[in-house]
Amino acid sequence: MGTILAIDPGNIQSGYVIVEHNGEEICRVLEVGKIENNVLLSLIAQKLYGNGYDVAIEMIEGMGMTVGQEVFDTCVWIGRFWQTVLWQTGYAPTRIYRREEKLDLCGSLSAKDANIRQALVDRFAPGQPNFGKGTKKDPGFFYGFSADMWAAMAVATTYFDKYIKGVKL
C-alpha cells in the first residue's frame, strides 16, 4: 500500500487529503481537512517524518491575467510547504497544475469545480448519497469533505493517475 499527501494551497488556509492506494486505485481517505497554513506546516513535518508518503501540491500557473496579493501570498506558502517536505523526506514534492486535474478527471480544460467534484464522486463513490459523503451514522467515501478538500482530492487523484498508474494526460 502507498500513501499520498495532497495539498490545495491557499493564502491563509489550505485543503489537504491523505489517501491510501494499492497501486491500482485509491482505496480510502485516511485524513482530510482545511486548516491554517502554519498548522499544516506542522502536520506535514509530523506525517512525513520517517514515512514513505508521496507528496503533491497544486501549483499556481501563469495564465497571462493580472492577479492580486492573495495569489502571491499563496505562492509564499507553496514554497514553505515545499521546503518542509524537502527537509523531512529529502525529495521535492510533485507539482500538479489545475489544467492537469481538469484533463485527467474531466477530459476538458473548460471543466469547473462542480465538474471535478462530480467526476471524483462518479469514480470513488458511485451511487452513494450526498456526493459520496454519506451520513454520520453511515459515512461514505467522501465523509467530511467540503470546499478545498475536493480540490486536494483532485490533486491526489491526478498525481496517482499520472505518477503511480502512468496515465498520459
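Keep in mind that the numbers below use all heavy atoms, side chains included, and drop hydrogens, waters and symmetry copies.
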Point to revise | Non-hydrogen side-chain atoms of C27 and M1 separated by less than 4.5 Å | key: yes
Review point. How many angstroms lie between CE in M59 and CH2 in W82, if you round to the nearest 0.5 Å?
Key: 7.0 Å
Review point. Which pair of heavy atoms, one from G132 and one from A125, lies closest together, and at what distance?
Key: CA-CB, 3.6 Å
Exercise for review: For the residue pair T157 and L105, establish whether any side-chain heavy-atom pair is separated by less than 4.5 Å.
Suggested key: yes
**Study point:** Non-hydrogen side-chain atoms of I96 and I57 separated by less than 4.5 Å
**Key:** no
Exercise for review: Supply the atom-to-atom distance T3 OG1 to D54 CG, rounded to the nearest 0.5 angstrom.
Suggested key: 8.0 Å
Review point. Would Y53 end up clustered with I26 when hydrophobic side chains under 4.5 Å apart are linked, directly or stepwise?
Key: no
Point to revise | Residues R98, D8: salt bridge by 4.0 Å N-O rule | key: no
Exercise for review: I would like to know whether F124 and V29 meet side-chain contact (heavy atoms from CB on, under 4.5 Å); could you show each step before the answer?
Suggested key: CA-CA 10 Å; F124 297 110; V29 176; over 6 Å; no
Review point. With no hydrogens and no angle check, is any side-chain donor or acceptor of E100 less than 3.5 Å from a backbone partner on Y97?
Key: yes
Exercise for review: Report yes or no: do W77 and V55 belong to one cluster of Ile/Leu/Val/Met/Phe/Trp/Tyr joined by side chain heavy-atom distances under 4.5 Å?
Suggested key: yes
Check your understanding: So how far is it from S108 OG to K102 NZ, rounded to the nearest 0.5 Å?
Key -> 8.0 Å
Point to revise | Rounded distance [0.5 Å steps], CG in L120 versus CZ in R117 | key: 10.0 Å
Check your understanding: Is M149 close to F142 at the side-chain level, that is, under 4.5 Å between some pair of heavy atoms?
Key -> no
Review point. Salt bridge between R95 and E58, side-chain N to carboxylate O under 4.0 Å?
Key: no
Practice item. Could you check if a side-chain atom of V17 sits within less than 4.5 angstrom of a side-chain atom of F145, using non-hydrogen atoms only? Key: yes
Review point. If every non-hydrogen atom of A156 is compared with every non-hydrogen atom of I4, which pair is closest and at what distance?
Key: O-CD1, 4.1 Å
Check your understanding: Are there more than 12 heavy atoms of other residues, nucleotides or ligands under 6.0 Å from atom CD of E36?
Key -> yes
Check your understanding: Hey, is NZ on K112 packed in by over 12 heavy atoms from elsewhere, all under 6.0 Å?
Key -> no
Point to revise | same_hphob_cluster(F141, V121) at 4.5 Å side-chain heavy-atom cutoff | key: yes
Practice item. Decide yes or no for K47 and Q88: does some side-chain heavy atom of the first lie under 4.5 Å from some side-chain heavy atom of the second? Key: no
Practice item. State yes or no: do Y159 and Y91 share one hydrophobic cluster built from I, L, V, M, F, W and Y residues joined by side-chain heavy-atom distances below 4.5 Å, directly or via other members? Key: no
Practice item. Would you indicate whether I12, at its atom CD1, is surrounded by more than 12 heavy atoms from other residues, nucleotides or ligands within a distance under 6.0 Å? Key: no
Check your understanding: Out of curiosity, R99 CZ to D104 CG, how far, rounded to the nearest 0.5 Å?
Key -> 12.5 Å
Review point. Checking side-chain contact (heavy atoms from CB on, under 4.5 Å) for the pair L40/F81: CA distance, chi angles, key distance, verdict?
Key: CA-CA 8 Å; L40 184 55; F81 297 147; 3.7 Å; yes
Revision key, fill the gap. Of all heavy-atom pairs linking A119 and C106, the shortest is CB-SG, 4.2 Å
Check your understanding: Just wondering, do E101 and V155 contact through their side chains at under 4.5 Å, heavy atoms?
Key -> yes
Practice item. Return yes when atom CZ of F131 has more than 12 non-hydrogen atoms of other residues, nucleotides or ligands closer than 6.0 Å, and no otherwise. Key: no
Check your understanding: Hey, mind stepping through L103 and L109 against side-chain contact (heavy atoms from CB on, under 4.5 Å) and telling me if it holds?
Key -> CA-CA 6 Å; L103 286 173; L109 288 174; 3.8 Å; yes
Point to revise | Considering all heavy atoms, the nearest G10-N37 contact | key: O-ND2, 2.9 Å
Check your understanding: For the residue pair C75 and I60, what are the closest heavy atoms and their distance?
Key -> SG-CD1, 3.7 Å
**Study point:** Side-chain (N22) to main-chain (E25) donor-acceptor, under 3.5 angstrom
**Key:** yes
**Study point:** Residue pair N11 / T74, side-chain donor-acceptor N/O under 3.5 Å
**Key:** no
Practice item. Determine, for R123 against D161, whether the closest basic-nitrogen to carboxylate-oxygen distance falls under 4.0 angstrom. Key: yes
Review point. Do L48 and L5 have side chains that get closer than 4.5 Å, going by heavy atoms?
Key: yes
Review point. Say you draw a straight line from CD of E31 to CG of L43; how long is it, rounded to the nearest 0.5 Å?
Key: 5.5 Å
Practice item. Spell out, yes or no, whether L41 and I35 are grouped together once hydrophobic residues are joined by side-chain heavy atoms under 4.5 Å, including indirect joins. Key: yes
